[in-house]
Amino acid sequence: MSNSEVDTATLCLFDVDGTLTAARQKATPQMQQFLSKLRQRVRVGVVGGSDLSKIKEQLGEDVIEHVDYVFAENGLVAYRFGQLHSVQSIQAYLGEDILQDFINFSLNYLAKIKLPKKRGTFIEFRNGMLNVSPIGRSCSQQERIEFFELDKKEKIREKFVAVLKEEFAGKGLAFSIGGQISFDVFPEGWDKRYCLGIVEQDSYKTIHFFGDKTKPGGNDYEIYADPRTIGHEVTSPDDTQRICEELFFS
C-alpha cells in the first residue's frame with residue numbers, strides 16, 4: 001500500500017509492556033513486522049511509562065524512525081515524526097522540598113517491609129516521574145516474576161500506594177501501578193493522557209488506544225477511559241495483533 005493510501009485521520013496508540021511485548025522483554029520479529037504493516041494503513045504511536053532507553057531496549061534502538069510517535073514516561077518525553085517534540089521535568093514542576101519529602105518517606109517505608117528478596121534501585125528518578133519498586137529494579141527476570149506473583153496475593157504495591165496517597169494528600173501527586181514490580185508517581189494530569197494533548201495538534205478523527213492495565217489504578221486506565229480515545233483492553237501481544245487485524249485488515 002502506498003503512503004498516499006495511509007489513513008492519516010486515524011491513530012493507533014499502544015502501551016508497551018503486556019501489549020506489544022511481554023513485560024520488559026523485546027518485541028518479537030513478528031510484532032515488529034506487524035507494526036510496519038499497520039503503519040502502512042494508519043498512523044502508529046507507542047506510549048509507555050518507562051524512560052526512552054527502556055522503550056528502545058524493547059522496541060529497538062531505531063523505534064523513533066519506525067513509528068510516528070514515541071511517548072516515553074507517558075509522553076513527558078515526546079518524539080513526533082522522528083523529531084524530539086518536548087521534555088517535561090518533575091523536579092522543576094514540583095520543587096525540591098516535595099520531592100525530597102516523598103523520597104525520604106518512601107525509603108523509610110521500604111526499610112520497614114520484609115520481602116523474600118530485595119535487590120537495588122528502589123526509586124528511579126526520571127524526567128517526568130518517579131518509579132518506585134519494592135523489590136528493586138535490578139532484580140533478575142525470575143525474581144521479577146516471583147515478586148509479581150507475590151504482589152498479586154499480598155497487594156504490596158497497592159498497600160504502599162494507599163499509604164502514600166494518605167501521607168501526600170493535597171500535594172498534587174498521582175500514582176499508577178503498572179508492569180510487574182513497580183509503580184509510577186507523577187504530578188496530577190501527567191498520566192498517559194498527557195500524550196493526547198500532543199497528538200491533538202494533528203487533528204485525528206479517531207484515536208485507538210491498546211493497553212493491558214486498563215482497570216482503575218492501572219497505568220492504562222485514564223487514557224483507555226478518556227472520551228478522546230476508543231479503548232481496547234488486551235491480554236497479550238498476540239491479542240493486540242488479533243484485534244488490529246480485525247479492525248484494519250479484515
Side-chain angles (χ1 to χ4, degrees), residues 7 9-21 23 38 42-50 55 67-78 80 86 88 90 93 126 128-132 151-152 155 157-162 164-166 168-180 182-244 246-248:
D7 178 4
T10 298
L11 170 65
C12 286
L13 284 173
F14 297 91
D15 166 53
V16 181
D17 272 359
T19 301
L20 295 180
T21 76
L38 183 63
V42 296
R43 292 271 172 83
V44 174
V46 297
V47 51
S50 296
I55 290 176
V67 296
D68 299 297
Y69 303 89
V70 176
F71 297 117
E73 302 182 37
N74 294 348
L76 302 170
V77 178
R80 174 178 173 267
S86 54
Q88 284 285 2
I90 189 173
Y93 187 86
R126 300 175 179 172
M129 66 178 69
L130 298 173
N131 180 264
V132 182
D151 187 54
K152 286 181 186 176
K155 310 292 184 186
R157 291 182 292 172
E158 192 176 308
K159 291 174 184 175
F160 195 171
V161 166
L164 290 169
K165 283 181 175 179
E166 183 176 348
F168 292 92
K171 300 294 186 182
L173 293 177
F175 303 86
S176 183
I177 298 172
Q180 294 176 310
S182 64
F183 59 88
D184 296 327
V185 186
F186 43 83
E188 290 176 349
W190 285 21
D191 52 61
K192 285 184 179 177
R193 289 173 297 181
Y194 190 90
C195 75
L196 297 179
I198 297 171
V199 301
E200 277 179 339
Q201 65 185 283
D202 296 317
S203 303
Y204 291 104
K205 290 182 180 177
T206 307
I207 301 174
H208 294 272
F209 172 76
F210 301 81
D212 65 320
K213 296 288 193 298
T214 58
K215 300 293 189 292
N219 66 351
D220 296 325
Y221 171 71
E222 290 86 359
I223 188 171
Y224 169 83
D226 193 283
R228 291 170 290 181
T229 70
I230 299 171
H232 304 273
E233 182 179 28
V234 304
T235 58
S236 67
D238 287 344
D239 194 39
T240 302
Q241 187 168 335
R242 177 189 62 78
I243 294 170
C244 286
E246 292 174 359
L247 285 170
F248 304 110

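- Between atom CZ of residue Arg228 and atom CD1 of residue Ile207 there is a gap of 7.5 Å, rounded to the nearest 0.5 Å.
- The minimum heavy-atom distance linking Ile198 with Ser86 is given by the pair CD1-OG, 4.0 Å.
- Looking at every heavy atom in both residues, Asp184 comes nearest to Asn131 through OD1-ND2, 2.8 Å.
- Atom OG of Ser182 and atom CG of Asp151 lie 10.0 Å apart (nearest 0.5 Å).
- Looking at residues two or more places apart in sequence or on another chain, you find a ring pair (Phe, Tyr, Trp, His ring centres under 6.0 Å) between Tyr69 and Phe71, Phe81.
- Look at Asp15 and Lys192 and you find a salt bridge, because one of the NZ, NE, NH1 or NH2 atoms lies within 4.0 Å of a carboxylate O, short of that distance.
- Using a 30° and 60° split on the angle between ring planes, Phe248 and His208 fall in the perpendicular class, above 60°.
- For CD of Glu166, the number of neighbouring non-hydrogen atoms (other residues, nucleotides, ligands) closer than 6.0 Å is 12 at most.
- Shortest non-hydrogen contact noted between Val16 and Gly48 is CG2-CA, 4.3 Å.
- The backbone N or O of Ser236 lies less than 3.5 Å from a partner atom in the side chain of Thr240, making a donor-acceptor pair.
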Side chain to side chain contact (heavy atoms under 4.5 Å, CB included) between Arg80 and Asp202: does it pass, once the steps are laid out?
CA-CA 10 Å; Arg80 174 178 173 267; Asp202 296 317; 2.5 Å; yes
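- Aromatic rings of Tyr224 and Phe209 (six-membered ring for Trp) have centroids beyond the 6.0 Å cut-off, not under it.
- Put simply, the side chain of Arg157 gets close to the backbone of Gly178: a donor and an acceptor are under 3.5 Å apart.
- Here Asp239 contributes atom CG and His232 contributes atom NE2; the two are 11.5 Å apart, rounded to the nearest 0.5 Å.
- With values rounded to the nearest 0.5 angstrom, Leu196 atom CG is found 11.0 Å from Glu222 atom CD.
- The side chain to side chain donor-acceptor pair (under 3.5 Å) test with Gln88 singles out one residue from Trp190, Tyr93, Tyr194, and that residue is Tyr194.
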Test side chain to side chain contact (heavy atoms under 4.5 Å, CB included) applied to Thr229 and Leu13, step by step
CA-CA 9 Å; Thr229 70; Leu13 284 173; 5.6 Å; no
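- You'll find the side chain of Cys12 stays beyond 4.5 Å of the side chain of Leu247, heavy atoms only.
- In terms of heavy-atom proximity, Tyr221 sits nearest to Pro216 at CD1-N, 3.5 Å.
- Ser176 is linked by a side-chain contact (heavy atoms from CB on, under 4.5 Å) to Phe186, Asn219, counting only residues two or more places apart in sequence or in another chain.
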Could you go through the side chain to side chain contact (heavy atoms under 4.5 Å, CB included) check for Asp220 and Asp212 one step at a time?
CA-CA 7 Å; Asp220 296 325; Asp212 65 320; 3.4 Å; yes
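- Rounding to the nearest 0.5 Å places CG of Leu173 at 9.0 Å from CG of Leu164.
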Run the side chain to side chain contact (heavy atoms under 4.5 Å, CB included) test on Leu76 and Arg126 for me, step by step, so that the C-alpha distance in whole Å, both residues' side-chain angles and the decisive distance to 0.1 Å come before the verdict.
CA-CA 10 Å; Leu76 302 170; Arg126 300 175 179 172; over 6 Å; no
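- Annotation for Val234 and Ile243: closest pair CG1-CD1, 3.8 Å, computed over non-hydrogen atoms.
- Leu11 approaches Gly45 most closely through the heavy-atom pair CD1-N, 4.0 Å.
- With hydrogens and angles disregarded, no donor-acceptor distance shorter than 3.5 Å links the side chain of Glu233 to the backbone of Thr214.
- Residues passing the ring pair (Phe, Tyr, Trp, His ring centres under 6.0 Å) test with Phe168, sequence neighbours excluded: Phe102, Phe105.
- Between Phe175 and Val185 the shortest side-chain heavy-atom distance falls below 4.5 Å.
- Side-chain atoms of Thr10 do not come within 3.5 Å of backbone N or O of Val42 as any donor-acceptor pair.
- With rounding to the nearest 0.5 Å, the separation of CD in Gln180 from NZ in Lys152 is 8.5 Å.
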